Structures are given as C-alpha cells and as structure tokens.
Protein chains: 2
Amino acid sequence: MTRIVEPEAGPRSKRAAILTAAVDCFGETGFEATKWSTVAERVGIGQTALYHYFESKTHCLLTIMRVELQRSHDRFVEATKDAADPVEALRAAVRAAYDVSPQEVLQMRILQNHMDLLSGSRRSKREEDERVAARQLVQVVERDWTNLLVKGMSQGSFPLRDAQLLGASVLGLIVSVWRWYRPSGPTPLSEVSELIEGACVRMVAS
Amino acid sequence: MTRIVEPEAGPRSKRAAILTAAVDCFGETGFEATKWSTVAERVGIGQTALYHYFESKTHCLLTIMRVELQRSHDRFVEATKDAADPVEALRAAVRAAYDVSPQEVLQMRILQNHMDLLSGSRRSKREEDERVAARQLVQVVERDWTNLLVKGMSQGSFPLRDAQLLGASVLGLIVSVWRWYRPSGPTPLSEVSELIEGACVRMVAS
DNA sequence: AACTGAACTGAACTTAACTCAGGTTGATCT
DNA sequence: AGATCAACCTGAGTTAAGTTCAGTTCAGTT
C-alpha cells in the first residue's frame with residue numbers, strides 16, 4: 001500500500017493546468033479522440049513539454065482517475081462520518097456522490113469510461129504505479145460501501161444479504177449515471193440524486 | 001430508422017471468423033490494447049485482408065456493439081412476451097439479461113466499455129451507419145425497460161415514479177455487472193442474477 | 001478457356017504518440 | 001548585481017500501428 005505523493009508544484013509548474021485541460025478534453029471529446037497535442041495547445045506549451053510532467057498521455061489519464069477515486073473516497077468518509085443510523089448514512093453517501101462540480105462530473109465520466117485500463121498492467125514504472133494506486137482505491141471505495149452495508153445488516157437495519165455483491169451493485173447503480181448524465185441535459189442532477197437515493201434505500205433496506 | 005442488413009456471407013467469407021476473433025481479443029485484452037494485426041493472425045489472413053470486410057478496426061468494434069445490442073433487445077422481447085404480470089415480466093427480463101454464453105459475456109463487456117463511442121459522430125460512412133444503428137438500438141433497449149415500468153405503474157403493480165429515469169437506472173444496475181464479472185471469478189453468474197433480480201424488484205415495486 | 005467478382009497480399013503511406021539533444025528561464029544564494 | 005542550477009521548454013527526428021494502394025489469386029460461371 002504505497003500512496004502516491006503528488007509532486008509538489010514548483011512556482012511555474014503547469015501540471016495543474018495540464019490536468020484541468022486534459023479533464024476538459026478527455027471528458028468532452030473522449031480520451032482516444034483527443035490529440036495529446038491539443039491539450040498542450042490549450043495550456044499554451046509545446047507538445048513535448050507535456051512529457052516534463054507526464055510520462056505519457058495514458059499516465060495523465062491514470063493520474064486523473066486516481067485523483068478522482070481519492071476524492072470519491074474522501075467525500076464518502078466525510079459524508080458518512082456522523083450519520084445517526086445506517087439508513088441515514090446510506091442516504092448521505094448517495095447524496096455526497098452526486099454533490100459534485102461540473103469539472104468533477106467530467107472526471108467521473110472519464111473514470112467510468114476507462115475503468116478497464118486498471119486491469120492489465122503497464123509497461124513503464126510511473127504508469128504502473130498510478131494504475132496500482134488507482135486499483136487499490138477502487139477496492140477502498142468498494143469496501144466503503146460494503147462496510148456500510150455490513151454495519152447496517154449486523155445492526156438489523158438492513159436485511160441480511162451478500163454485502164459484497166450488493167455493495168458492488170449499489171456502487172454500480174450510482175456510477176452508471178455518469179455514462180449518460182450531461183449538465184446540459186434535460187434532467188437536473190438533483191432529480192437524479194433523489195431518485196437514486198430512494199432506489200438505493202429500497203434495494204438495501206427493504 | 002434504417003436497419004443495417006448483414007452482408008450476406010459468400011461461401012469463403014471470413015467475416016464471422018473475424019468477428020469471433022475480434023470479440024475474443026477485444027474482450028480479453030481490450031480494444032485499444034489489441035493490435036488489429038493480431039486479429040488477422042488469429043484468423044489466418046494478412047492484416048490488409050481485414051479491410052475487405054471492415055472499413056477499420058473501429059468499424060469492426062461498432063459492428064460487434066450493434067450486434068450485441070440487437071441481441072439484448074431480442075432477448076428482452078422474447079423473455080417478456082408472455083409474462084403474466086409486470087413483476088413477473090421484470091423478473092424474466094432480468095434473468096434473460098444474465099442468461100448468456102461466455103462469448104456473449106465478452107460482447108457485453110466490450111459494449112459497456114465503449115458506449116462513449118456512440119456519442120461523437122464518425123468520419124466514414126459505414127462507420128457512421130453502424131454508430132447510428134447502435135445508438136438507435138440503445139434507445140430501443142432503454143424504451144424496452146421504460147415501457148415495462150410504465151405498464152407496471154399504470155397497472156398499479158409499481159408505485160408511480162419517473163419511468164424514464166428509473167428505467168435507465170435499472171438498466172444501468174444490470175449492465176454494471178459486466179464491468180467486473182469474470183467467468184473465472186469467485187461469483188457464479190446465477191448468484192449475480194438472483195441478487196440483481198431481487199434488487200430490481202425492490203427498486204421498482206416497493 | 002475466358003470471364004467475373006470475392007478474397008487476398010506486400011509495399012508504401014499517414015498520423016499521432018513519443019524520444020532526444022540541447023536551449024531558456026527564473027528563483028535563490030553569495 | 002551576477003552566478004548558478006534545476007526546472008522548464010523546444011524543434012527535429014523516430015516509431016508503431018492503423019490504413020491505402022496497386023495489383024494478384026482463386027472459385028465458380030458461361
């Protein structure tokens with residue numbers, strides 16, 4: 001369990017700017033469809049300067065995914081830490097999952113669209129490190145949900161079921177939204193959040 | 001609504017063999033990670049022969065996705081056509097979704113991992129045709145589920161809720177399984193099927 | 001046997017990611 | 001202020017994989 005430390009930013013580092021631009025491009029246009037050089041242009045540097053910060057286009061993608069996973073986990077912990085009962089914790093966790101900025105919507109979309117990257121191992125060290133870190137965070141997040149369910153079940157709030165499988169399903173349900181949701185679309189996120197919150201509670205607690 | 005007609009196979013056509021090989025490769029290794037030339041090798045032809053059957057690697061992928069979507073729709077219709085009540089129809093539809101061969105598991109995985117391809121339009125005609133056809137089928141499948149819910153709601157079997165949104169959620173829950181499920185994994189598909197079936201009924205009917 | 005269209009091939013082309021060898025900049029220290 | 005050094009950046013060149021092209025082979029038909 002080696003946690004990746006973010007390279008501390010030198011005063012003229014463009015790392016953050018690159019990540020932001022990459023999230024926009026990858027999120028709107030798709031990872032494969034966006035040229036790495038376009039990201040450079042948007043930041044205002046030559047293409048090769050990107051390699052000062054990231055080993056490859058994929059390394060940048062993996063970084064985005066890892067950061068987003070970390071954020072998801074942090075928010076889950078923050079949201080559930082002082083919930084009275086399991087049902088309230090569940091509700092709070094779902095609401096937290098949809099309490100996101102437009103930028104974070106893109107990050108979730110990117111994350112969901114490239115989960116498969118986390119399976120196969122990578123050639124280069126830094127890429128592989130990010131991949132492993134991201135993979136571990138996926139498991140952490142899955143455990144977050146499973147633990148919530150286990151607690152509720154042992155406490156009698158939820159009927160007994162396979163908590164692992166049910167946890168994965170709840171999580172799958174929640175994140176499936178990011179495949180189709182668009183801020184510009186007809187359905188506001190608040191509406192999604194409410195419906196999914198109810199659905200999760202019924203799934204788990206009835 | 002122009003439905004793509006499968007090019008009728010000449011007696012020595014390798015189209016089917018290519019699709020099978022591609023499903024194996026794309027499913028196991030991932031689309032980006034598998035070299036188009038590897039597919040050719042596995043079929044036993046030169047790389048350039050592939051272009052006799054498909055305009056591009058992506059065209060092949062889109063074809064796989066469209067075929068799988070068509071299959072999903074057909075199975076849904078078949079499974080629900082003679083169900084007594086809405087709850088039974090719902091149960092039957094979920095069971096049908098998981099009543100699949102190993103090859104079909106791969107196809108679902110490929111489909112789920114590349115849904116984003118269906119958003120942006122394609123340069124060449126044949127690719128674009130496949131994309132549009134696939135997109136339409138996505139909507140058809142979504143309508144399948146929505147209609148099922150609408151019927152159940154109007155019939156009083158399901159409480160009234162946003163059927164569109166709930167339909168998308170149910171579908172999202174069901175297909176989310178294909179991101180992590182592996183035939184070689186610890187959880188048999190029958191177990192998944194039962195848990196999800198229950199979860200869907202609770203989500204929709206309680 | 002000549003013909004036809006489907007099936008195929010080797011060599012050349014294209015594109016976008018990436019490497020390299022070196023140049024510039026600016027924060028920091030004396 | 002001037003020197004220094006690491007961080008930062010660049011243009012030119014390389015590579016790999018998908019794709020195109022200009023034909024060739026093969027099986028069935030007339």
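Quick note on labels: first sequence line is chain A, next is B, and so on, each numbered from 1. This one's a predicted model, so the numbers in the text were calculated from it and none came from an experiment.
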Checklist entry - Can you tell me if CD on A:Gln70 sees more than 12 non-hydrogen neighbours from other groups inside 6.0 Å? => result yes
Next on the checklist: When you measure from the side-chain N and O atoms of B:Lys14 to the phosphate of C:dA6, is any distance below 4.0 Å, counting only OP1 and OP2?
Outcome noted: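 False: B:Lys14 side-chain N/O out of range (4.0 Å or more) of C:dA6 OP1/OP2.
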Item to check | Intermediate values then yes/no, side chain to side chain donor-acceptor pair (under 3.5 Å), B:Thr63 and B:Glu130 | outcome: CA-CA 6 Å; B:Thr63 303; B:Glu130 286 287 6; 3.2 Å; yes
Next on the checklist: Could you check whether A:Glu88 pairs with A:Arg95 (Lys NZ or Arg NE/NH1/NH2 to Asp/Glu carboxylate O, under 4.0 Å)?
Outcome noted: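 Counted as a salt bridge, because a side-chain N and a carboxylate O are separated by less than 4.0 Å.
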Checklist entry - Is the closest basic N to carboxylate O distance between A:Arg66 and A:Glu6 below 4.0 Å? => result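 Yes, A:Arg66 and A:Glu6 are salt-bridged.
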Checklist entry - For the pair made of CD1 in B:Ile18 and C1' in C:dA6, what is the distance, rounded to whole Å? => result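 Distance, rounded to whole Å: 13 Å.
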Name all residues meeting the salt bridge (Lys or Arg N to Asp or Glu O under 4.0 Å) criterion together with [X]; count only those two or more places apart in sequence or in a different chain, and write none if there are none.
X	result
B:Glu78	B:Lys81
A:Arg202	none
A:Asp129	A:Lys125

Item to check | Nucleotide-level pairing of DNA chain D, given in dot-bracket where Watson-Crick and G-U pairs need both distances under 3.5 Å and | marks other strands | outcome: ||||||||||||||||||||||||||||||
Item to check | Sugar-phosphate or base contact per nucleotide [nucleotides 13-23 of chain D; S, B, -; heavy atom under 4.0 Å] | outcome: ----SSBB---
Item to check | Protein-to-nucleotide contact annotation, 5' to 3' order, nucleotides 23-30 of chain C [B base; S sugar-phosphate only; - none; under 4.0 Å, heavy atom] | outcome: --BSS---
